[in-house]
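Values below: every heavy atom of this structure, side chains too, minus hydrogens, waters and symmetry copies.
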Amino acid sequence: QVHLVESGGGSVQDGGSVRLSCAASGFQNSRVCMAWFRGTPGKEREGVAVIAADRSTQYADSVQGRFTISKDSAQNIVYLQRNRLKPEDTAMYYCAADVSSWGVCRGVAAQIRFFAYWGQGTQVTVAS
C-alpha cells in the first residue's frame, strides 16, 4: 500500500526559505511521477512542480526560479526547496504520485485525476 507523508510546513517570513519533504513508501517500482500541488480554500489544487523517474522536472510559471523539486531515490524522499517566498505562496502543500505513466510526467498542469496517491498535506504560511 502506497503512503505519502509530507513534513516541513509552518510559518515563514516574506522572502524566507523552507524545504518540504515527502516520504514515500509502498511503490512496486521506481516508474513514478512525483508532484507537489498546493491548494487554498475555495480553489482547485494547482500543480507546483513535478519530477519524473529520470529526474527531469517541470515547474509552474509562478514558482519557476524560486522552487526546486528533487528526490533521494535511496531514501524514497521527494523534496521541494522553496526560496524567496511570497505571501501568495501561502497554501496547503500536497505530495502526489502518478503511477499510470511509467515514470513520465504529463506536465505540471496535469489534471489531478492522474494522481492516484496523495499525502495529507502540510500547511505553509508566509507572513508579509
Side-chain angles (χ1 to χ4, degrees):
Q1 189 171 1
V2 174
H3 288 286
L4 302 176
V5 180
E6 303 94 338
S7 61
S11 296
V12 63
Q13 292 295 313
D14 188 356
S17 298
V18 169
R19 189 177 76 166
L20 304 181
S21 300
C22 171
S25 62
F27 291 119
Q28 294 184 340
N29 54 62
S30 62
R31 294 189 295 270
V32 181
C33 169
M34 298 296 298
W36 285 95
F37 283 77
R38 64 185 179 186
T40 55
K43 293 181 64 175
E44 186 175 282
R45 294 178 190 178
E46 63 169 345
V48 173
V50 297
I51 185 165
D54 66 357
R55 298 181 182 274
S56 58
T57 59
Q58 296 182 47
Y59 298 91
D61 289 344
S62 59
V63 306
Q64 183 76 47
R66 298 189 298 121
F67 290 11
T68 302
I69 188 171
S70 61
K71 63 179 178 179
D72 181 335
S73 297
Q75 299 292 327
N76 289 325
I77 299 175
V78 178
Y79 300 102
L80 186 68
Q81 178 67 42
R82 305 156 64 248
N83 300 325
R84 305 200 312 272
L85 286 165
K86 306 175 182 179
E88 51 262 44
D89 293 320
T90 293
M92 184 73 81
Y93 283 76
Y94 300 90
C95 177
D98 176 3
V99 299
S100 66
S101 60
W102 295 91
V104 177
C105 289
R106 292 182 172 89
V108 71
Q111 295 179 15
I112 291 176
R113 63 184 177 90
F114 290 117
F115 293 87
Y117 302 102
W118 292 82
Q120 292 299 307
T122 184
Q123 176 69 35
V124 176
T125 301
V126 183
S128 58

Sub-4.5 Å side-chain heavy-atom contact between L4 and Y94: no

Please find the pair of heavy atoms, one from A60 and one from G47, that lie closest to each other, and give the distance. CB-O, 3.5 Å

When hydrophobic residues are tied together by side-chain contacts of less than 4.5 Å, even through go-betweens, does I112 share a cluster with M34? no

Nearest heavy-atom neighbours spanning G107 and Q58: CA-OE1, 3.5 Å

To the nearest 0.5 Å, what is the distance between OG1 (T125) and CD (Q13)? 11.5 Å

N29 atom CG, over 12 foreign heavy atoms within 6.0 Å: yes

Can you get from I77 to Y117 by hopping between Ile, Leu, Val, Met, Phe, Trp and Tyr side chains that sit under 4.5 Å apart? no

Do any pairs count as a side-chain hydrogen bond (donor to acceptor under 3.5 Å, both in side chains) and have a residue in residues 71-86, sequence neighbours left out, and if so which ones? S17-N83, R55-S73, Q81-N83, R82-Y93

Do any N or O atoms from the side chain of E6 and from the backbone of G121 form a donor-acceptor pair under 3.5 angstrom? yes

Is the ring pair W118/F37 parallel, tilted or perpendicular, if the boundaries are 30 and 60 degrees? tilted

How close do G39 and A91 get, counting heavy atoms only, and between which atoms? O-CB, 3.4 Å

Going hydrophobic residue to hydrophobic residue with side-chain gaps under 4.5 angstrom, can you get from V32 over to V2? yes

So do T90 and T40 actually touch side chain to side chain, heavy atoms under 4.5 Å? no

Interatomic distance, D89 atom CG to R38 atom CZ [nearest 0.5 angstrom]: 5.0 Å

Report, as yes or no, whether the 6.0 Å neighbourhood of atom CD on E88 holds more than 12 heavy atoms from other residues, nucleotides or ligands. yes

Taking every heavy atom of V48 against every heavy atom of V63, the minimum-distance pair comes out as O-CG2, 3.6 Å

Are side-chain heavy atoms of L85 and F67 found at a separation under 4.5 Å? yes

Evaluate the side-chain proximity of V108 to Y59: yes if any heavy-atom separation is below 4.5 Å, no if none is. no

Nearest-0.5 Å distance, CZ of residue F27 to NE2 of residue H3: 11.0 Å

Can you check whether R106 reaches S100 side chain to side chain, under 4.5 Å on heavy atoms? yes

Which atom pair, heavy atoms only, marks the closest approach of L20 to V124? CD2-CG2, 3.9 Å

Partners of Q111 by side chain to side chain contact (heavy atoms under 4.5 Å, CB included), sequence neighbours excluded? R113, F114

Under a 4.5 Å side-chain heavy-atom rule over Ile, Leu, Val, Met, Phe, Trp and Tyr, are V99 and W36 clustered together? yes

Write down the atom of A52, the atom of V104, and the distance for their closest heavy-atom approach. CB-CA, 4.5 Å

Separation of C95 SG from I69 CD1 (nearest 0.5 Å): 8.0 Å

